[in-house]
Chemist: 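Mind looking over this structure? Questions follow.
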Protein chains: 2
Amino acid sequence: MTDRPLSTKERLIRTAAELFRRRGYSGVGVAEILEAANAPKGSLYHHFPNGKADLAQAAAVWSSDGMLRIIAASFEPALSFEEGCRTLCYKLAKLFDISGLWETCPIAGALTDGPENTAFRELSRHLFDGWIAEFEHHAMRFGASPEEARRKAEHFFILMQGGWDLARSRRDSDIMRRLPLPG
Amino acid sequence: MTDRPLSTKERLIRTAAELFRRRGYSGVGVAEILEAANAPKGSLYHHFPNGKADLAQAAAVWSSDGMLRIIAASFEPALSFEEGCRTLCYKLAKLFDISGLWETCPIAGALTDGPENTAFRELSRHLFDGWIAEFEHHAMRFGASPEEARRKAEHFFILMQGGWDLARSRRDSDIMRRLPLPG
DNA sequence: ACAGGAATGGACCAATTGGTCCAGTGTCCC
DNA sequence: GGGACACTGGACCAATTGGTCCATTCCTGT
């Protein structure tokens with residue numbers, strides 16, 4: 001693990017991502033993020049000219065990248081699409097446990113509430129599509145036809161999102177482990 | 001349709017439910033609810049001594065009751081569990097269209113963001129369990145064993161929640177209509 | 001008719017919201 | 001050493017936040 005001190009910008013993004021994921025965009029104030037990241041106000045508006053909104057988007061992108069890495073790490077060693085799904089579910093369940101059973105989808109947290117904002121919605125759609133494309137890629141790697149792969153990818157995405165919701169409501173990470181995967 | 005004028009309390013609950021559903025608990029201010037419901041501040045704190053938090057819980061309960069009615073209306077005339085699920089999905093898709101493609105799960109909206117509040121989380125769990133119990137009931141009505149019914153009910157609930165998320169992100173109600181129901 | 005509680009309207013409040021501005025401080029390259 | 005510029009610290013701001021309080025009005029049962 002590289003422990004070299006993170007830049008202020010990096011710290012802002014990470015702490016913002018964590019907080020938004022827990023309590024949503026509108027649920028977290030700029031002041032709270034600043035304090036948790038140990039950063040002064042000036043830095044925020046230096047790195048993110050549009051303030052909170054910019055930061056939330058950066059946080060969502062950062063979270064999505066992390067998620068893509070977890071997806072890859074789950075599917076690459078797998079011997080079938082279903083095995084990859086299962087492994088990913090177990091990883092997510094573990095992260096959910098570590099988080100204290102409160103975190104949901106990081107993108108939903110950072111971008112879903114707040115204003116009915118087109119930019120936010122489009123970014124969330126774009127990032128979600130990135131995950132689905134990754135699922136799709138692995139499904140095809142295991143021999144699925146393009147249509148089949150797309151179907152399977154969207155299906156798994158929906159299960160994952162729904163599972164996250166129910167897991168948080170019940171505070172039970174086993175929901176993720178027992179997700180009703182097809183096949 | 002009974003069009004007799006609603007009481008102030010009723011108006012507060014309904015407009016709050018609608019707003020929370022769109023932008024989440026923290027995303028909507030008390031002032032905005034008051035204005036939309038055409039109610040003065042004094043009334044809010046008369047009917048809901050704990051203010052916004054009480055109102056959100058009432059709104060969630062009201063929304064959940066509405067949802068239970070839609071569930072019943074979908075499953076009662078159905079000839080199989082799967083047909084009930086399908087009908088419900090179509091009804092939800094239509095409501096989603098009417099809402100302008102922004103609304104999510106009403107309970108998630110009112111209770112999910114905001115403080116990491118035990119009362120909120122427990123109520124959301126309770127209400128979700130009510131929906132699942134209803135699904136379970138209908139699954140058994142069509143001959144499923146108790147375990148099978150529970151499995152099917154939770155499975156469908158997860159698909160529904162996940163579907164809501166993806167439908168909103170894509171602004172596409174067809175996601176709900178094409179939900180990958182088993183069987 | 002009238003007592004009394006329910007409901008309303010709205011003035012008022014401290015705290016917090018997201019945001020601006022700028023004088024300083026570092027740090028890098030010439 | 002000096003110019004340039006990225007970055008920081010924090011004072012300051014108007015607007016909004018959720019909430020309190022109370023005098024008035026409405027509505028009910030007797």
Side-chain angles (χ1 to χ4, degrees), chain A residues 4-60 109-120 123, chain B residues 4-20 22-60 62 109-120 123:
Chain A
R4 68 174 156 128
L6 297 166
S7 71
T8 302
K9 187 174 183 179
E10 206 62 32
R11 257 182 299 132
L12 279 171
I13 290 176
R14 295 187 188 203
T15 60
E18 197 173 318
L19 289 170
F20 287 148
R21 194 172 182 178
R22 242 162 225 284
R23 298 206 307 280
Y25 178 79
S26 317
V28 183
V30 171
E32 188 182 353
I33 298 171
L34 258 22
E35 196 194 332
N38 227 317
K41 209 159 221 184
S43 305
L44 207 192
Y45 290 89
H46 171 75
H47 295 293
F48 305 96
N50 289 326
K52 196 187 182 186
D54 271 5
L55 178 55
Q57 303 199 29
L111 304 178
T112 291
D113 70 355
E116 290 184 9
N117 183 326
T118 311
F120 274 24
L123 178 57
Chain B
R4 68 176 155 127
L6 296 167
S7 70
T8 302
K9 187 174 182 179
E10 206 62 32
R11 258 182 298 132
L12 279 170
I13 290 176
R14 294 187 189 203
T15 60
E18 198 174 318
L19 289 170
F20 286 148
R22 243 162 225 284
R23 299 206 306 280
Y25 179 79
S26 317
V28 182
V30 171
E32 189 181 353
I33 299 171
L34 257 24
E35 195 194 333
N38 227 315
K41 209 160 220 185
S43 305
L44 207 191
Y45 290 90
H46 172 73
H47 294 293
F48 305 96
N50 288 325
K52 196 186 182 188
D54 271 5
L55 178 56
Q57 303 200 27
W62 180 80
L111 303 178
T112 290
D113 70 356
E116 290 185 8
N117 184 328
T118 311
F120 273 26
L123 178 57

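Below, read A as the first sequence line, B as the second, and so on, with proteins coming before strands; counting in each chain starts at 1.
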Chemist: Is the closest side-chain heavy-atom distance between A:Leu34 and A:Thr15 below 4.5 Å?
Modeler: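 Counting from C-beta outward, A:Leu34 and A:Thr15 never come under 4.5 Å.
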Chemist: Is it true that atom CD of A:Gln57 has more than 12 heavy atoms of other residues, nucleotides or ligands lying nearer than 6.0 Å?
Modeler: yes
Chemist: Rounded to the nearest Å, what distance is computed from the CG atom of residue B:Leu12 to the C1' atom of nucleotide D:dG18?
Modeler: 15 Å
Chemist: Tell me the interatomic distance from A:Arg11, atom CZ, to D:dC7, atom P, rounded to whole angstroms.
Modeler: 13 Å
Chemist: Quick check on D:dG18: is either OP1 or OP2 less than 4.0 Å from any side-chain nitrogen or oxygen of B:Lys52?
Modeler: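 Result: yes.
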Chemist: Where the side chain of B:Lys41 meets the backbone of B:Val30, is there a donor-acceptor pair that is under 3.5 Å apart?
Modeler: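 It does not hold such a pair.
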Chemist: What is the distance, rounded to the nearest whole Å, between atom CZ of A:Phe48 and atom P of C:dT20?
Modeler: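 To the nearest whole Å, that distance equals 15 Å.
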Chemist: Categorize A:Gly29 for me: base, sugar-phosphate, or nothing, with a 4.0 angstrom heavy-atom threshold over every strand shown.
Modeler: sugar-phosphate
Chemist: Just compare C:dG18, C:dG9, D:dG9 and give me whichever is closest to any side-chain atom of A:Pro40.
Modeler: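 Given the options C:dG18, C:dG9, D:dG9, the side chain of A:Pro40 is closest to D:dG9.
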Chemist: Counting only heavy atoms not in A:Glu10, do more than 12 sit closer than 6.0 Å to its CD atom?
Modeler: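 Counting neighbours around CD of A:Glu10, more than 12 heavy atoms of other residues, nucleotides or ligands fall under 6.0 Å, so yes.
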Chemist: In whole Å, what is the span from the CG atom of A:Leu44 to the P atom of D:dA11?
Modeler: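 Distance check: A:Leu44 CG to D:dA11 P gives 17 Å.
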Chemist: Would you indicate, yes or no, if C:dA6 has its OP1 or OP2 atom less than 4.0 angstrom from a side-chain nitrogen or oxygen of B:His46?
Modeler: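 For B:His46, the contact criterion (side-chain N or O under 4.0 Å from OP1 or OP2 of C:dA6) is not met.
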Chemist: Which whole-number value in Å describes the distance from B:Leu34 CG to C:dT8 C1'?
Modeler: 11 Å
Chemist: Without decimals, in angstroms, what is the distance between B:Glu35 CD and C:dT8 P?
Modeler: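 Atom CD in B:Glu35 sits about 18 Å away from atom P in C:dT8.
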Chemist: By nearest heavy atom, map A:Glu32 and A:Pro49 onto DNA chain C; which one lands nearer the 5' end?
Modeler: A:Glu32
Chemist: Quick one: is D:dA6 close enough that its OP1 or OP2 comes under 4.0 Å of any side-chain N or O from A:His47?
Modeler: no
Chemist: Output yes when at least one side-chain N/O atom of A:Ser43 is less than 4.0 Å from OP1 or OP2 of D:dT8, else no.
Modeler: yes
Chemist: Expressed in angstrom and rounded to an integer, what is the separation of B:Glu10 atom CD from C:dT8 atom P?
Modeler: 13 Å
Chemist: Side-chain contact test, heavy atoms from C-beta onward, threshold under 4.5 Å: evaluate it for B:Thr8 versus B:Arg11 and give yes or no.
Modeler: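 Counting from C-beta outward, B:Thr8 and B:Arg11 do come under 4.5 Å.
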Chemist: Ignoring hydrogens and angles, does a donor from either the side chain of A:Lys41 or the base of D:dG9 sit under 3.5 Å from an acceptor on the other?
Modeler: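 No such pair is found, so the answer is no.
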Chemist: Considering just the side-chain nitrogens and oxygens of A:Thr8, establish if one lies under 4.0 Å of OP1 or OP2 belonging to D:dT8.
Modeler: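 For D:dT8, OP1 or OP2 has a side-chain N or O of A:Thr8 closer than 4.0 Å.
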Chemist: Can you measure A:Ile33 atom CD1 to C:dG19 atom C1' for me and round it to whole angstrom units?
Modeler: 14 Å
